[in-house]
K.L.:
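Below is a structure I'd like to ask you about.
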Amino acid sequence: MNLADALMSLNPAQREAVTAPAGHVLVLAGAGSGKTRVLVHRIAYLADVEKVDPWRVLAVTFTNKAASEMRARAGTLLGQAERGLWAGTFHGICHRMLRQHAPHAQLPRNFQVLDQDDQLRLVKRVMREMGLSDEDLPHRDAAWFINSSKDEGRRPEVLDAQGQPRRRLQIEIYQAYEKLTRLLGVVDFAEILLRTQEMLLTQREILGHYQRRFAHLLVDEFQDTNAVQYAFVRVLAGEHAQVFAVGDDDQSIYGWRGAKVENVQAFTRDFPKVRTVRLEQNYRSTGTILAAANAVIACNSERLGKNLWTDDKAGALIEIFSGYNEVDEARYVVGRIKASMEADRRPSESAVLYRSNALSRLIEENLIAQRIPYRVYGGLRFFERAEIKDALAYLRLANSPNDDASFERIVNTPPRGIGEQTMQAVRQHANAHSLSLWQSATSASLAAKMTGRARNALTAFAGILQDIRARLEGATLSDAAEHAITLSGLRAFYEASSDSKAESRVENLDQLISAAGSYVFNDEDVAAGLNELESFLANAALEAGDGEADAWEDCVQLMTLHSAKGLEFACVYIIGLEDGLFPSGRSIDDPARLEEERRLMYVGITRARQELLLSFAESRRIHGQEHFAVPSRFLKEIPAELVREIRPRLNVSRGFTPAPRAPRMQLEEPQTLFKLGQSVKHASFGRGVLVSAMGSGENTKLLVNFETVGPKLLMANVAKLEAAA
DNA sequence: CGCCGCAGGCTTTTT
DNA sequence: GCCTGCGGCG
């Protein structure tokens, strides 16, 4: 593609950003304003006009998906020249730097990356060794503390307990955890960043090397950077590199994970002469949707200020549905999706968004009942699945026998009679003689102390591993995976299992074999001294893969509001809009956190291109308990003229609901009320007369005397009654 | 050792 | 309502 043509296709603000002269640039890019486009064009512009070798450009994103999209789009603009461009996630880039300079970061050459689950296991182990249980401090809290400290760039030594016993405990666990991870030579996600940063600060030659190389740093989603990531950009930029930061303070929704919106402002302060460009023209949503988004986000006080506008026409009104309960809500939403499909919309054009994963269940049930294909995002990704990690652990242990974490993971998976008792002995023997678990388990001196049964079990396990190892030599990656899965007994174990999930586990294991077969061994890992298997294993944690192993299908999309960021859909349904749920009850009392929730709402609204439906339920079962809720405050922040409110057809009148709650929303549509003695129609029972009503709210039951089937007791919110003449 | 049953717990999660 | 962790029993 011709760059001039490409530049002409940009709007003035986009063009200003893309063609900005030498210096730092901050692009405040509103939702749907073409920020990826700007980033990609900037890379092309630098190459084409400024004659910057793409090799000297580093583009940083947060997700692998965004990184590969950027690479692909830069490729279409640049052609061959795109090769050499370093585009990746913060973690991917730092990981690569650590691999390259492992010894300078005090890491073994084939150090391992711990994912969340691995980390938690290690925290548990550390706490167990300290004599602490989950009751002293929940394991999750301890892991959380460690991660947020690292995100802030803090090592345990610089932390102060501030006289708080709980905090002291957290610091002690962090300290012990750190000691253990260094001993094992493993790094968690936060450590990848922090360790890289520390390496750059202490190893001047390495820093100089990268500073000389990178003339341009482009950072996507700048509002999501945490303290360490910001410091990384700063130190890498040094005095000479130009930083092109793109972000939207209104879409900062990861504050709870250490992201600092303040970095956006800090950028203009810490870097000299920053040129700020605002992208405010939105190319995604209708005027109505945009107006709603603007109105909601305007309720936040901490903003850099931006107002989205569009050339698009107003479009349909936003619908607000108020259901009696979650069942009602789900039925309505799925009904609407079905109707839109009947109007020739593809399933994948609709997305149901929610604040918390638990809300997907009922929607799923209804979609299944309606035979609508759907896909739930989130949950475990491919390489996070237990069976996959088990198989990888066999490969790891076969490749490096002294990998204790892998040993612990699979020594008794599938069950082979090596229990806690035996493992205690193995660990103790290892500790006493400074051996790895593998060395300990296979040592003759330990065997001598063991009972026959335990000894046999350990010998059998060792035999399996040796078998796998023997077949590693010269085998393709997929053969190696195949052997690990088969010889370990994992496949046989799941095939024999009657568990409902076992079948999909076997499928996943097969998927692993094909994933191994299509793995591309990269030059950097060769240069870092890894063999193909090590390279494959190293990348598994970092690129955990997609939520589903299946190929993309034309499905209704279900996901949390968080994971919807960056995506767009023709029709968006945001459910569970109740105070306490969204905004989350945990954020409601804290103004700063409430603003983050509001930004989440803003993100949700701006995902919609054409249609937006917001729904809440007056009562909802949460954790098995009935809760009555007030509609989300965010609903009231949307101007009434943009909204059409919908109530279910059947509304129980005051006549037989003893204590109706005051309606919070002004209802524009007339309610259809049923009176005692009225003729009604039911989908399957036909005509009848409403005889009596009992109970209240969600539990309201109606007694209807049907002409054909006689009297029936119906749940008011389930039976779709219509008034009959 | 390993299975089963019960009690308690619980946002969001790019990497 | 569903997953996790622990305690008891076969």
Side-chain angles (χ1 to χ4, degrees), chain A residues 60-67 88-95 113-120 124 133-135 138-141 143-144 147-148 150-151 187-193 220-221 223-226 228-229 251 253-259 326 353-362 365 377-381 383-384 412-423 451 453-454 457 499 501 539-547 559-567 576 580-588 593 596-597 599-600 603-604 620-626:
Chain A
V60 198
T61 63
F62 276 83
T63 65
N64 291 311
K65 200 174 151 201
T89 62
F90 275 103
H91 291 85
I93 286 158
C94 291
H95 176 242
V113 177
L114 305 176
D115 69 15
Q116 253 177 42
D117 176 64
D118 301 326
Q119 183 189 37
L120 195 63
K124 284 178 187 168
S133 80
D134 201 57
E135 284 172 28
H139 298 128
R140 288 190 177 280
D141 284 17
W144 179 275
N147 289 332
S148 44
K150 289 188 182 183
D151 286 345
V187 294
D188 56 48
F189 287 135
E191 184 73 27
I192 291 177
L193 303 177
D220 194 11
E221 307 278 19
Q223 77 285 348
D224 287 339
T225 51
N226 65 29
V228 172
Q229 287 159 338
Q251 290 188 71
I253 54 173
Y254 285 105
W256 53 275
R257 252 187 112 285
E326 75 280 16
L353 310 182
Y354 33 79
R355 178 65 236 263
S356 84
N357 284 308
L359 295 189
S360 73
R361 234 195 78 250
L362 263 185
E365 283 175 13
Y377 284 74
L380 286 187
R381 274 181 279 273
F383 283 103
E384 290 168 356
N412 202 31
T413 311
R416 51 173 69 89
I418 304 173
E420 198 42 43
Q421 233 30 47
T422 311
M423 275 309 290
T451 63
R453 206 164 72 159
D499 192 286
K501 291 180 199 142
N539 287 297
L542 234 47
E543 287 176 45
D546 232 330
M559 67 189 83
T560 62
L561 287 143
H562 281 91
S563 35
K565 193 169 74 144
L567 306 177
L581 248 189
F582 186 27
S584 154
R586 303 201 178 193
S587 307
I588 253 165
R593 293 178 66 171
E596 181 154 310
E597 296 280 318
R599 293 193 289 270
L600 195 53
V603 166
R620 182 183 299 275
R621 256 186 128 74
I622 301 170
H623 313 315
Q625 277 271 298
E626 198 75 15

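To find a chain, count down the sequence lines: A is the first, B the second, and so on, and within it residues start at 1.
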K.L.:
Without decimals, in angstroms, what is the distance between A/Glu596 CD and B/dT12 C1'?
P.N.:
9 Å

K.L.:
Tell me whether the side-chain N/O atoms of A/Thr61 come closer than 4.0 Å to OP1 or OP2 in B/dT14.
P.N.:
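No, no such contact exists.
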
K.L.:
Under the side-chain contact (heavy atoms from CB on, under 4.5 Å) test, which residues partner A/Ser584, sequence neighbours left out?
P.N.:
A/Arg355, A/Arg586, A/Ser587, A/Glu597

K.L.:
Base, sugar-phosphate or nothing for A/Gln421? Non-hydrogen atoms, less than 4.0 Å.
P.N.:
sugar-phosphate

K.L.:
OP1 or OP2 of B/dT15 versus the side-chain N and O atoms of A/Asn64: is any pair under 4.0 Å?
P.N.:
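The answer is yes; a side-chain N or O of A/Asn64 sits under 4.0 Å from OP1 or OP2.
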
K.L.:
Determine: side-chain N/O of A/Asn412 to OP1/OP2 of B/dC1, distance under 4.0 Å, yes or no.
P.N.:
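A/Asn412 to B/dC1 OP1/OP2: no side-chain N or O under 4.0 Å.
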
K.L.:
What's the closest nucleotide to the side chain of A/Ser587 if the choices are B/dT11, B/dT13, B/dC1?
P.N.:
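In terms of side-chain proximity for A/Ser587, the closest of B/dT11, B/dT13, B/dC1 is B/dT11.
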
K.L.:
Can you tell me if A/Ser584 touches the phosphate of B/dT12, counting only side-chain N or O atoms and a distance under 4.0 Å to OP1 or OP2?
P.N.:
no

K.L.:
Tell me the closest heavy-atom pair linking A/Lys150 and A/Ala190, and the distance in Å.
P.N.:
CB-CB, 3.6 Å

K.L.:
Has the side chain of A/Glu543 got a donor or acceptor atom sitting under 3.5 Å from an opposite partner on the base of B/dT15?
P.N.:
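For A/Glu543, whose side chain was compared with the base of B/dT15, there is no donor-acceptor pair (under 3.5 Å).
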
K.L.:
Return the set of residues passing salt bridge (charged side-chain N to carboxylate O under 4.0 Å, His left out) with A/Glu135 (not counting sequence neighbours), or none when no residue passes.
P.N.:
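Here no residue qualifies.
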
K.L.:
What distance do A/Met559 atom CE and A/Asn357 atom CG have between them, rounded to the nearest 0.5 Å?
P.N.:
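Reported to 0.5 Å precision, the distance equals 11.5 Å.
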
K.L.:
Rounded to whole angstrom units, what separation is found between the NE2 atom of A/His562 and the C1' atom of B/dT14?
P.N.:
11 Å

K.L.:
Round to the nearest Å and state the distance from A/Phe62 atom CZ to B/dT13 atom P.
P.N.:
16 Å

K.L.:
Rounded to the Å, how far apart are A/Leu359 CG and B/dT12 C1'?
P.N.:
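Answer to the nearest Å: 12 Å.
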
K.L.:
Toward the 5' end of DNA chain B, which comes first, A/Pro415 or A/Glu384, by nearest nucleotide?
P.N.:
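Closer to the 5' end of DNA chain B: A/Pro415.
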
K.L.:
Mind calculating the distance between CG (A/Asp118) and C1' (B/dT15) to the nearest angstrom?
P.N.:
13 Å

K.L.:
How long is the line joining CD1 of A/Ile418 and P of B/dG2, in whole Å?
P.N.:
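Between P of B/dG2 and CD1 of A/Ile418: 9 Å.
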
K.L.:
Using every non-hydrogen atom in the two residues, find where A/Ala541 and A/Val113 come nearest and quote the distance to one decimal.
P.N.:
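In this case the closest contact between A/Ala541 and A/Val113 is CB-O, 3.6 Å.
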
K.L.:
To the nearest Å, how far apart are A/Arg620 CZ and C/dG1 P?
P.N.:
14 Å

K.L.:
Looking at every non-hydrogen atom in both residues, tell me the closest pair between A/Gly258 and A/Asp151 and how far apart they are.
P.N.:
CA-OD2, 4.5 Å

K.L.:
If you find the nucleotide of DNA chain B closest to A/Thr89 and the one closest to A/Thr422, which residue's nucleotide is nearer the 5' end?
P.N.:
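Whichever sits nearer the 5' end wins; that is A/Thr422.
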
K.L.:
Could a donor-acceptor pair under 3.5 angstrom be found where the side chain of A/Arg381 meets the base of B/dT15?
P.N.:
no

K.L.:
Is there aromatic stacking of A/Tyr254 against B/dT12, centre distance under 5.5 Å, plane angle under 30°?
P.N.:
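The ring of A/Tyr254 is not stacked on B/dT12.
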
K.L.:
Checking A/Glu543 now: which residues fulfil salt bridge (charged side-chain N to carboxylate O under 4.0 Å, His left out) with it, not counting sequence neighbours?
P.N.:
none

K.L.:
From CG of A/Asp141 over to P of B/dT11, roughly how many Å is that when rounded to an integer?
P.N.:
12 Å

K.L.:
Syn or anti for B/dT12, please, going by whether the chi angle lies within 90° of 0.
P.N.:
anti

K.L.:
Carefully, step by step, assess A/Asp134 and A/Lys124 under the rule salt bridge (charged side-chain N to carboxylate O under 4.0 Å, His left out).
P.N.:
CA-CA 8 Å; A/Asp134 201 57; A/Lys124 284 178 187 168; over 6 Å; no

K.L.:
Do A/Arg257 side-chain and B/dT11 base share a donor-acceptor contact under 3.5 Å?
P.N.:
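When only heavy-atom distances are counted, A/Arg257 does not reach the base of B/dT11 through any donor-acceptor pair under 3.5 Å.
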
K.L.:
Just verifying a value: how many Å separate A/Leu353 CG and A/Lys565 NZ, rounded to the nearest 0.5 Å?
P.N.:
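Answer for the CG-NZ pair, A/Leu353 versus A/Lys565, is 14.0 Å.
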
K.L.:
Taking the side chain of A/Ser356 as heavy atoms from C-beta outward, which of B/dT11, B/dC1, B/dT14 is closest to it?
P.N.:
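From the listed options, B/dT11 comes nearest.
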
K.L.:
Mind listing the N/O atom pairs, protein and nucleotides 5-10 of chain B, below 3.5 Å?
P.N.:
| unit_1 | atom_1 | unit_2 | atom_2 | d |
| --- | --- | --- | --- | --- |
| B/dC10 | N3 | A/His623 | ND1 | 3.2 |

K.L.:
In B/S/- notation, 5' to 3', how is nucleotides 2-10 of chain C contacted by protein heavy atoms closer than 4.0 Å?
P.N.:
S--S-----

K.L.:
Under 4.0 Å between a Lys/Arg side-chain N and an Asp/Glu carboxylate O for A/Glu326 and A/Arg621?
P.N.:
no

K.L.:
Give a yes/no answer on whether the side chain of A/Asn147 brings an N or O atom under 4.0 Å of OP1 or OP2 in B/dT15.
P.N.:
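Answer no for this pair, as no side-chain N or O of A/Asn147 is under 4.0 Å from OP1 or OP2.
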
K.L.:
Under the ring-ring contact (aromatic ring centres under 6.0 Å, His included) rule, collect the residues that match up with A/His562, sequence neighbours excluded.
P.N.:
A/Tyr254, A/Trp256

